[in-house]
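Note on naming: letters A, B, ... go to the chains in the order of the sequence lines (proteins, then strands), and numbering restarts at 1 for each one.
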Amino acid sequence: MKRIGVFICHCGINIAGTVDIEKLTSQIKEYPNVVHVENYKYMCSSPGQQLINQQIMDKNLDAVVVAACSPSLHENTFRTSVQRVEMNPYNCEIANIREQCSWVHDDKQIATDKAAKIIKSMVEKTVLDEPLMPITVPVNRKALVIGGGVAGMQAALNIANNGYEVILVERESSIGGHMAMLSETFPTLDCSQCILTPKMVEVDQHPNITLITYSEVVEVSGFVGNFKVKIKQKAKYVDWEKCNGCGDCITECPINTPSEFEQQLGERHAIYRPFPQAVPNKVIVDMDECIQCMVCQVFCPTDAIDFNQKDSIVEQEVGAIVLATGYQLYSLKNLPEYGGGEIEDVIDGLAFERLLSASGPTQGVVKRPSDGKIPQDVVFIQCAGSRDPENHMPYCSRICCMYTAKHAMLYKHRVHQGRAYIFYMDIRSGGKDYEEFVQRVMEEERVVYLRGKVSRLYEEDGKVVVCGTDTLTRRNVEIKADLVVTATPIRPIEDIDQLSKLFKISINQNGFLTEAHPKLRPVESLTSGIYLAGCAQAPRDIPDTVAQASGAASMVCALFSSDQLYHDPIIAGVDEDLCSGCGICVGVCPYSARTLNREKGIVEVNEVLCEACGACSAACPSGAAQQRNFTDIQLKNMVKAILG
Amino acid sequence: MNNKLTLENIQQFDLDEFQEISGENIFACYQCGNCSAGCPAADFMDLAPHEVIRLLQLGQIDEVVKTNTVWICAACVTCRVRCPKGVDLSKIMEAVRQIVLRKKNNYVDLNKIESELREKLPQIALVGNFRKFTL
Ligand SMILES: Cc1cc2nc3c(=O)[nH]c(=O)nc-3n(C[C@H](O)[C@H](O)[C@H](O)COP(=O)(O)OP(=O)(O)OC[C@H]3O[C@@H](n4cnc5c(N)ncnc54)[C@H](O)[C@@H]3O)c2cc1C
Ligand code: SF4
Ligand code: SF4
């Protein structure tokens with residue numbers, strides 16, 4: 001027989017006000033297995049804890065039930081406390097007679113009876129509780145960061161500066177992401193390249209960071225502290241060990257093709273680097289464009305060109321992963337009302353960034369794509385596909401109000417006589433110094449803000465005729481513009497579905513990665529050991545991206561701060577004698593903790609992945625899946641105690 | 001003269017009934033004005049289409065009824081096609097017309113039209129008469 005002690009807390013008058021403590025104490029005294037019952041004003045106080053520990057020793061107790069508040073408050077307190085007198089913490093249970101009893105009742109009689117039932121049922125559970133030891137797992141203190149935009153770079157640098165190794169995988173040949181494309185950044189108008197390039201170089205030269213660009217993760221297995229990944233390095237057709245980035249090959253290459261980095265507004269060659277400040281400063285060959293004339297080979301001073309190069313796979317083991325895959329813009333092709341991408345002088349925000357950029361295709365002179373003329377009337381359209389649940393994206397893209405104001409201001413700085421018109425529905429300028437920035441654009445730049453949507457636009461006589469409305473004056477507006485810039489929605493990357501499957505993390509209805517808790521755990525995914533940063537999780541500006549990336553990095557560092565991980569031992573196991581190998585539990589486990597071993601014909605559990613949700617125990621037809629200390633027999637006895 | 005909005009008149013008409021007649025949730029509208037921007041008849045209306053919804057959101061149906069807008073609306077449904085919130089404004093216009101029509105105020109008495117003239121009038125003109133000249 002187990003020797004159980006029950007300790008009833010008054011919680012001041014919180015419990016004692018509605019529950020007759022003395023009566024309760026005498027009722028519980030009679031219950032089987034209970035050898036000691038005692039009550040006290042505040043059990044969680046230090047004398048309260050001492051009282052329990054004293055009785056454990058004096059009465060030689062095997063287990064205790066503390067009848068008090070919700071276990072979410074003090075389970076940890078009491079379990080830690082009993083360990084001081086050598087009791088296994090899992091032999092200490094909480095009977096919740098406050099939130100589930102005294103707080104919700106007025107009638108003392110009923111509340112007292114109910115409290116007795118709650119305690120008895122917990123005693124029944126405790127009778128069959130096993131002593132458990134936390135599951136320990138070693139931690140591989142090396143991090144993998146996926147995506148080399150500003151989010152990924154920030155996370156990598158923070159982790160590396162804490163002394164841990166980082167592998168940074170970027171799919172393009174250079175890191176930098178979208179920030180490298182921006183001209184100047186709101187609200188301070190610092191030059192984007194100027195603040196980013198030093199960071200890129202720091203990443204490249206950091207002794208703790210291994211940069212693997214032009215690569216993608218293709219396989220992931222394992223769990224927190226112990227992930228195994230396979231990284232595919234795409235063939236570059238250039239031996240990067242030899243390439244010194246001199247660019248002689250680029251100048252000689254006869255092929256010209258639209259540059260992705262310049263948003264098709266400029267050209268690149270078949271052998272190229274996306275932009276001159278690329279990091280690493282190395283070139284790659286675009287095989288779709290290359291005609292194999294071998295000119296590059298002739299001019300390369302280091303004999304780096306290698307047309308026989310193949311894709312290769314590298315394997316890595318890491319303890320934590322940060323996903324920072326960023327965003328793409330919703331294509332204008334999806335917006336037939338705004339020309340569907342067919343009208344040359346209707347462009348998106350990133351293209352306009354390139355037109356404003358001093359290192360862009362027009363050296364920072366704003367020229368319109370169709371004929372290179374300097375536009376005199378420019379129309380900006382906000383929410384061009386955002387906040388449109390009927391036809392496009394339902395959500396607000398959050399940064400376009402600000403970058404549109406910035407675009408109008410920079411345009412006015414470049415073209416002094418030019419006129420800028422912004423169609424908007426609302427101005428969302430909630431960041432630090434953002435509202436002041438927008439007000440400056442209105443007051444000092446005299447940009448014409450028109451409150452309403454553009455219903456359509458069309459090309460006529462070398463102009464783009466924009467038909468919209470100004471709801472504030474209830475007048476319809478027609479502007480014959482030279483150039484139209486649309487603020488199209490921020491979307492997750494094209495292949496976000498595959499990414500979410502690969503890493504087994506969820507995405508929301510719009511494809512953005514889902515955080516573990518929208519308020520309290522914003523940088524963690526639901527899979528332990530995988531963290532989120534930047535626009536992959538939701539549209540956001542650079543300051544928020546960097547802050548979130550630092551947050552993710554500090555979570556990684558916290559994980560790495562010890563060489564062992566402890567996992568709660570309350571997990572669902574498999575009784576090998578009972579398991580029929582039907583595999584039903586494998587499908588219902590949301591954490592992929594269970595796998596079917598076909599050879600043995602039974603299911604096996606990865607204890608570290610199990611989060612003890614109990615789905616398998618409920619689903620198992622043969623009773624083989626039992627959650628530790630929540631077994632079927634225990635639950636049955638608990639129910640009996642309550643009904644009886 | 002426009003009414004000042006006060007506690008006495010904000011949303012003081014039966015919105016549920018209006019929703020039932022129109023089948024539309026007028027509160028889905030966030031006043032982007034796309035309906036007005038695309039409406040081929042907007043230039044002839046006293047109130048722009050989006051203003052009709054705004055006044056209805058505030059319960060000012062009497063003000064809507066005073067204007068020519070719902071009678072100018074040709075029910076071409078361009079607004080419905082363009083609305084990013086999926087609001088069918090043409091149904092809302094129709095609902096306002098229905099509310100007026102259901103009051104059954106006839107301003108033209110058929111019996112007072114000379115029988116000779118009545119013979120000549122096409123059917124459609126008589127129907128149109130009842131639908132539109134009831135204010
Ligand atoms: C027109 C425009 C103007 C803007 N102006 C400003 C401004 O003035 N100020 C401001 O604060 N913000 C501005 N922003 C917002 C800014 O661009 C973002 O906040 C920032 O770039 C987000 O960084 P990120 O690292 O999350 O994403 P990204 O910059 O998109 O970086 C993601 C990186 O991950 C890589 N990647 C993607 N998938 C994979 C994969 N599977 N494997 C490996 N690598 C992958 C990508 O190649 C990319 O390099 C602007 C945005 C736009 C569209
Ligand atoms: S940030 Fe502004 S422009 Fe962009 S979707 Fe939101 S409200 Fe529209
Ligand atoms: S288009 Fe739709 S959302 Fe916009 S003002 Fe008209 S009814 Fe309202």
Side-chain angles (χ1 to χ4, degrees), chain A residues 330 334-340 379-397 400-401 421-428 448-458 464-479 481 484 486-489, chain B residues 1-3 5 22-58 60 63-64 66-70 72-74 76-93:
Chain A
Y330 188 61
N334 301 315
L335 294 158
E337 61 271 41
Y338 298 156
V379 168
F380 296 89
I381 307 177
Q382 290 188 188
C383 300
S386 295
R387 305 174 66 198
D388 185 337
E390 263 304 278
N391 310 299
H392 306 291
M393 297 302 142
Y395 55 87
C396 165
S397 290
C400 6
C401 284
Y421 311 84
I422 299 179
F423 282 95
Y424 73 102
M425 286 203 280
D426 299 286
I427 299 293
R428 298 181 169 178
V448 183
Y449 270 85
L450 296 159
R451 199 216 163 268
K453 260 206 118 126
V454 170
S455 74
R456 68 191 182 116
L457 48 77
Y458 55 92
V464 182
V465 184
V466 181
C467 308
T469 198
D470 177 49
T471 60
L472 299 178
T473 55
R474 71 133 300 179
R475 281 177 176 73
N476 281 350
V477 188
E478 188 181 283
I479 295 172
V484 174
T486 54
T488 44
Chain B
M1 211 186 67
N2 292 333
N3 286 335
L5 295 175
S22 65
E24 294 297 297
N25 178 0
I26 51 174
F27 297 102
C29 168
Y30 57 9
Q31 290 288 299
C32 69
N34 214 4
C35 44
S36 303
C39 175
D43 290 349
F44 306 98
M45 293 171 169
D46 297 338
L47 291 171
H50 74 271
E51 288 178 305
V52 169
I53 298 209
R54 185 67 190 137
L55 284 168
L56 290 173
Q57 286 175 337
L58 295 170
Q60 308 302 300
E63 273 188 51
V64 174
K66 274 193 273 177
T67 68
N68 70 1
T69 300
V70 297
I72 298 283
C73 165
C76 71
V77 206
T78 310
C79 49
R80 163 70 186 99
V81 175
R82 301 240 163 106
C83 176
K85 296 298 300 292
V87 177
D88 191 340
L89 183 46
S90 66
K91 286 195 182 154
I92 288 168
M93 297 279 198

Of all the heavy-atom pairs spanning [X] and [Y], show the shortest one and how long it is.
X         : Y         : result
Ala37(B)  : Lys453(A) : CB-O, 4.0 Å
Cys32(B)  : Arg451(A) : CA-NH1, 4.2 Å
Arg474(A) : Ala42(B)  : NH2-O, 3.6 Å

Q: Kindly compute the distance separating SG (Cys383(A)) from CG (Asn34(B)), expressed to the nearest 0.5 Å.
A: 11.5 Å

Q: Can you measure from OG1 (Thr471(A)) to NE2 (His50(B)) and round to the nearest 0.5 angstrom?
A: 4.5 Å

**Q.** Region of Val454(A) in contact with chain B, defined by heavy-atom distances below 4.5 Å
**A.** backbone

Q) So do Glu337(A) and Arg82(B) actually touch side chain to side chain, heavy atoms under 4.5 Å? A) no

Q: State whether the side chain of Tyr30(B) and the backbone N or O of Arg387(A) hold a donor-acceptor pair below 3.5 Å, judged by distance alone.
A: yes

Q: Among the options Asn391(A), Val477(A), Asn476(A), pick out the one with the most heavy-atom pairs lying under 4.5 Å from chain B.
A: Asn476(A)

